[in-house]
Amino acid sequence: MDHAADAYRTDLMTITRFVLNEQSKYPESRGDFSILLSHIVLGCKFVCSAVNKAGLAKLIGLAGETNVQGEEQKKLDVLSNEVFVKALVSSGRTCILVSEEDEKATFVEKSNRGRYCVVFDPLDGSSNIDCGVSIGTIFGIYIVKDGGEPALDDVLQPGKNMVAAGYCMYGSSCTLVISTGGGVNGFTLDPSLGEFILTHPDIKIPKKGKIYSVNEGNAKNWDGPTTKYVEKCKFPKDGSSPKSLRYIGSMVADVHRTLLYGGIFLYPADKKSPNGKLRVLYEVFPMSFLMEQAGGQAFTGKQRALDLLPSDIHERSPIFLGSYDDVEEIKALYAAEESM
Ligand code: AFP
């Protein structure tokens, strides 16, 4: 009998234990971040349960409202947003919230205020809800600047200033991936325990991948470097094998696969959408933060994604992220075009 393996299986590293261990490395810590995270975890568990029950509970369907981007909101989006806003406000550790579903930022009442600003997309990939394909929550966390009243400038900061970022994927299992700036760790929800257990410690993205992930339906309108890059993926001239194409259309799922298997995920600019589609604060930044922490790169076509300074809470940006060497190739193509 393998007693060592048994000990491992019974010595569960829950996300709470993991965060408290991390916290103990900073004796001056007041535990605010751990409390905030426990409220985010609660939101993720609630949304996971709602997503799993959606078909049965007839939650699927339009709620008759549209969000900031003019897209139809589904009931699950509305529900997820409400759950996260309430969980974050009630943590008593937040001061500003920016949600994909709300046109304006939420400023938390003074009596309930803390130091953290949370930017999030409560349910990303909502067009995949009705067919049961993986969807997810994405979040990034800033600390409010010192002194004075919290202001929009506290969230209009470059992504490199985030103190933590993560996502929760509601798929065949519920997986929470998070970084507080010291690497990336993945936790899987054990439904029988109701606990997230560390299943993917210290995730590192392969240096080079064999997969590219993009909506090729937009190819007609791409710029030169993107067109050349995808052409290279399909018809490499250096004798290497062509890359495989995988595209789910849920950023969380596409990025999760990229993080684990390597490769590149791109949502480039095109003639119709010169800033791409994905939102800087709660899609591009958190995913770029995770990629860099896992040893990969994230590039906008012009600069390191985490250096971007957003001027609007719902701003969009093109994004190329994934394995270090793959992003290096797209950077070289943009540099070559620039020098022409
Ligand atoms: P929805 O929430 O409207 O499904 O959009 C999902 C998303 O923001 C992101 O999760 C995907 O990566 C991207 O859009 C897919 O966009 P396309 O449908 O244009 O490929």
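Just so you know, ligand 1 is whichever comes first in the structure, and atom 1 is the first atom listed for that ligand.
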- Item | Distance-only polar pair, side chains of T227 and E231, donor-acceptor under 3.5 Å | no
- Task: Consider every N or O of L123 and every N or O of ligand 1, then say whether any pair is closer than 3.5 Å.
- Result: no
- Using salt bridge (Lys or Arg N to Asp or Glu O under 4.0 Å) as the criterion, list what pairs up with D202, not counting sequence neighbours. K204
- Message: Under the criterion salt bridge (Lys or Arg N to Asp or Glu O under 4.0 Å), I'd like the reasoning laid out for D124 against R279: C-alpha separation, chi angles, the key distance, then a yes or no.
- Response: CA-CA 11 Å; D124 190 59; R279 269 66 69 147; 5.3 Å; no
- Contact (N/O only, under 3.5 Å) between N218 and ligand 1: no
- Message: Would you say the rings of F320 and Y229 are close, in the sense that their centroids are separated by under 6.0 Å?
- Response: no
- Going by the atom numbers of ligand 1, which of them fall below 4.0 Å from some non-hydrogen atom of Y247? 15 (C), 16 (O), 17 (P), 20 (O)
- Message: Is the contact between S250 and ligand 1 made by the side chain, the backbone, both, or neither, using heavy atoms and a 4.0 Å cut-off?
- Response: backbone
- Item | Any D124 heavy atom less than 4.0 Å to ligand 1 | yes
- Atoms in ligand 1 with a heavy atom of N215 nearer than 4.0 Å: 17 (P), 19 (O), 20 (O)
- Would one find more than 12 heavy atoms of other residues, nucleotides or ligands at under 6.0 Å from atom OH of Y261? no
- Message: Only heavy atoms of E283, strictly under 4.0 Å: list the atoms of ligand 1 that pass.
- Response: 8 (O)
- Transitive ILVMFWY side-chain link M287 to L266, under 4.5 Å: no
- Query: Would Y334 and T226 count as having a side-chain donor-acceptor pair, cut-off 3.5 Å?
  - Reply: yes
- Message: Using a 4.0 Å cutoff against the non-hydrogen atoms of M251, which atoms of ligand 1 qualify?
- Response: 9 (C), 10 (O), 11 (C), 12 (O)
- Task: Check L278 against ligand 1 and report side chain, backbone, both or neither, counting heavy atoms closer than 4.0 Å.
- Result: side chain
- Task: Have a look at G125, G276, A253 and point out the one with the heavy atom closest to atom 6 (C) of ligand 1.
- Result: G125
